[in-house]
Trainee: 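Just dropping this structure here.
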Amino acid sequence: MEWQPQRTAFCDSHNVSQPHLPLMDIAHWDAVLQRKEIRNYALHQERAYVGPGYFYMPVSDEPDEGRLAELLDLASAADWLLVPSLLRSQRLPDSRVIAVPFMQAAYFRSSGRVDSTLRATVGDRQYKAIRKLTAKAEAACETQIHRLSELADGDRALHAFAVLQALNVAKYGHSRNLYTADVLRMLARSSEGTKYYLKLDYEKSTNAPVNGSLSYADDERGVFTMLVQGLDRDRIPRGLNLYITDYYQLYQFADRLGFENICLGRGAIESKVRVGANHIVDLDNWLIPVNTRQRQAMHDYAISG
């Protein structure tokens, strides 16, 4: 994966010229802080240089020793190097690494059989409910799926998704909107634009966009990742659950593209289990001291639960 577009997206969404900023100003670090009792605010005001994948992918690649050395050079003016959202490992490659617990991520692994796997995972009753809800949604809404690169010139679909995503940010009180219209246009024009897929559902009687989601198809790693979803709940017809049906429709779409491993993103694990998650992983953020004098304080924070 070529990380420059996501680096640019991170910098744009955080209003910085490079991924070097106070820990507590990082949207995903702040999201964890909001759930904890913090006694040492000075620790979280220290500055971190953020490495790939800049929280834009639910799970990032673990850097090898050579890449870690390169990142430490880039972080030479920071207090910390932050390598985000890595699979929890029993072995850390560097004794300086402090693994700070982050979130969990969920996967739906279909083995090439979406419906039989989903039925086995959620049970016959829930599977039938998902299929029934999907049929109702498809009767009431028209669904369109675009490569993001097709929308680089400011297509209506890109604008519609940006509005829906902003509603999602407001609903959940996120400190940053990582997918503004400007960021989406930048990603659409980037070398990664062909790998992003934008799905929109339009209510048929009004042609109003009521649901949108953004996904990333990684052929190299064999993972189709569902990144974000936005809903206009005030416009969704009564009796529809587009949150659920979006998952099922994207399972089918990913299957048509040849993907058997679908990442459902971080957090909301119980909800994702109800829509088919059958593999859950723990994630850590790696913090490596550069200029900090608070290494022990970070270690204490990492084990504080």
Side-chain angles (χ1 to χ4, degrees), residues 57-59 85 87-88 103-148 161 164-165 168 172 195-204 209-233 236-283:
M57 289 294 123
V59 182
S85 207
L87 289 174
R88 183 163 298 167
M103 299 180 179
Q104 291 182 312
Y107 290 80
F108 173 66
R109 294 180 168 175
S110 71
S111 302
R113 301 182 298 274
V114 169
D115 285 286
S116 59
T117 302
L118 184 61
R119 188 192 294 267
T121 300
V122 302
D124 192 60
R125 182 176 179 179
Q126 176 68 354
Y127 170 74
K128 289 179 178 178
I130 291 171
R131 289 293 304 269
K132 184 177 180 180
L133 284 169
T134 302
K136 288 178 67 176
E138 291 176 349
C141 300
E142 177 191 352
T143 297
Q144 297 178 6
I145 300 179
H146 310 269
R147 285 185 190 268
L148 193 60
F161 176 72
L164 291 166
Q165 165 62 10
N168 183 67
Y172 293 104
K195 300 176 185 179
Y196 284 94
Y197 286 91
L198 182 62
K199 175 181 178 291
L200 280 166
D201 297 317
Y202 296 89
E203 202 275 314
K204 287 181 177 179
V210 290
N211 173 64
S213 59
L214 187 68
S215 301
Y216 182 88
D218 190 337
D219 290 305
E220 182 181 346
R221 293 166 181 79
V223 181
F224 184 91
T225 299
M226 301 165 65
L227 295 169
V228 285
Q229 182 187 29
L231 298 156
D232 188 340
R233 289 169 173 80
I236 295 174
R238 192 182 184 94
L240 300 188
N241 189 326
L242 299 184
Y243 173 83
I244 288 178
T245 59
D246 195 68
Y247 281 92
Y248 182 72
Q249 290 170 325
L250 283 170
Y251 294 165
Q252 298 290 353
F253 178 70
D255 183 67
R256 293 195 295 273
L257 293 179
F259 290 93
E260 298 181 357
N261 195 16
I262 303 172
C263 180
L264 311 185
R266 294 177 294 240
I269 299 301
E270 290 183 4
S271 296
K272 289 168 184 173
V273 167
R274 289 195 291 272
V275 294
N278 53 17
H279 181 65
I280 311 298
V281 298
D282 295 312
L283 302 174

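Just so you know, residue 1 is the first one in the sequence shown, and it goes up from there.
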Trainee: Measure up the Phe253 and Phe224 rings against each other and bin them: parallel (under 30°), tilted (30 to 60°), perpendicular (over 60°).
Mentor: perpendicular
Trainee: Could you walk me through whether Asp232 and Asn211 pass the side-chain contact (heavy atoms from CB on, under 4.5 Å) test, one step at a time?
Mentor: CA-CA 6 Å; Asp232 188 340; Asn211 173 64; over 6 Å; no
Trainee: Quick check: do Leu231 and Leu242 have side-chain heavy atoms less than 4.5 Å from each other?
Mentor: yes
Trainee: What is the minimum heavy-atom distance between Tyr243 and Ser271, and which atoms define it?
Mentor: OH-CB, 3.6 Å
Trainee: Okay, side chain of Lys199, backbone of Gln144: is any donor-acceptor separation there less than 3.5 Å?
Mentor: no
Trainee: Rounded to the nearest 0.5 Å, what separation is found between the CG atom of Asp218 and the SG atom of Cys263?
Mentor: 11.0 Å
Trainee: Tell me whether Asp124 is salt-bridged to Lys128, with the criterion being a basic N under 4.0 Å from an acidic carboxylate O.
Mentor: yes
Trainee: Kindly say whether Thr134 contributes a backbone atom to a donor-acceptor pair with the side chain of Thr245 at under 3.5 angstrom?
Mentor: no
Trainee: Determine whether a donor-acceptor pair (N or O, by modelled atom type, separation under 3.5 Å) exists between the side chain of Ser111 and the backbone of Arg113.
Mentor: no
Trainee: Quick check: closest heavy atoms across Tyr197 and Ala217, and the distance to 0.1 Å?
Mentor: CE1-CB, 3.8 Å
Trainee: So, taking the atom named CD in Gln165 and the one named OG in Ser213, what distance separates them when rounded to the nearest 0.5 Å?
Mentor: 10.5 Å
Trainee: Ignoring hydrogens and angles, state whether a donor on the side chain of Asn261 or Arg109 is under 3.5 Å from an acceptor on the partner side chain.
Mentor: yes
Trainee: Using atom types as modelled and distance alone, determine if a side-chain donor or acceptor of Ser85 lies under 3.5 Å from a backbone N or O of Pro58.
Mentor: yes
Trainee: Mind running side-chain contact (heavy atoms from CB on, under 4.5 Å) on Ile145 and Leu198 for me, showing each step along the way?
Mentor: CA-CA 6 Å; Ile145 300 179; Leu198 182 62; over 6 Å; no
Trainee: Do side-chain atoms of Gln126 reach the backbone of Arg274 as a donor and acceptor pair under 3.5 angstrom?
Mentor: yes
Trainee: Compare every heavy atom of Ala277 with every heavy atom of Leu264, then report the nearest pair and how far apart it is.
Mentor: CD1-CB, 3.9 Å
Trainee: Can you find a pair of side-chain heavy atoms, one from Val210 and one from Arg233, that are under 4.5 Å apart?
Mentor: no
Trainee: Drop me the distance from Met226's CE to Tyr247's OH, to the nearest 0.5 angstrom.
Mentor: 5.0 Å
Trainee: If we only count heavy atoms from C-beta on, is the Phe161 to Leu214 side-chain gap below 4.5 Å?
Mentor: yes
Trainee: Minimum heavy-atom separation for Leu164 and Gly212, please, with both atom names.
Mentor: CD1-N, 3.5 Å
Trainee: Would you mind reporting whether Asp201 and Asp246 have side-chain heavy atoms less than 4.5 Å apart?
Mentor: yes
Trainee: Looking at Asp282, is its backbone amide N or carbonyl O close enough to the side chain of Arg88 to form a donor-acceptor pair, meaning the two atoms are under 3.5 Å apart?
Mentor: no
Trainee: Have Glu138 and Gln249 got a donor and an acceptor in their side chains that come within less than 3.5 Å?
Mentor: yes
Trainee: Counting N and O atoms only, with roles assigned by atom type, does the side chain of Arg266 sit under 3.5 Å from a partner on the main chain of Met57, one being a donor and the other an acceptor?
Mentor: yes
Trainee: How about Leu257 and Asp255: do any of their side-chain heavy atoms sit closer than 4.5 Å?
Mentor: no
Trainee: Taking the side chain as every heavy atom from C-beta outward, state whether Val59 and Leu283 have any atom pair closer than 4.5 Å.
Mentor: yes
Trainee: Rounded at 0.5 Å granularity, tell me how far OG in Ser215 sits from CD1 in Ile262.
Mentor: 9.0 Å
Trainee: Specify the closest pair of heavy atoms between Ala106 and Ile269, including all atoms of both residues, with the distance to one decimal.
Mentor: CB-CD1, 4.0 Å
Trainee: Is the shortest heavy-atom distance from the side chain of Asn278 to the side chain of Phe108 under 4.5 Å?
Mentor: yes
Trainee: Taking all non-hydrogen atoms of both residues into account, name the closest pair between Gly230 and Asn168 and its distance.
Mentor: CA-CB, 4.1 Å
Trainee: Do Lys195 and Asp219 sit within salt-bridge range, that is, some charged N less than 4.0 Å from a carboxylate O?
Mentor: no
Trainee: For the atom pair CD1 (Ile130) and CZ (Arg125), what is the distance rounded to the nearest 0.5 Å?
Mentor: 13.0 Å
Trainee: How are the rings of Tyr127 and Tyr248 set relative to one another: parallel (under 30°), tilted (30 to 60°) or perpendicular (over 60°)?
Mentor: perpendicular
Trainee: Working to the nearest 0.5 Å, report the span between NZ of Lys132 and CD1 of Ile244.
Mentor: 13.0 Å
Trainee: Do Tyr196 and Arg147 pair up side chain to side chain, a donor and an acceptor below 3.5 Å, judged on atom types alone?
Mentor: no
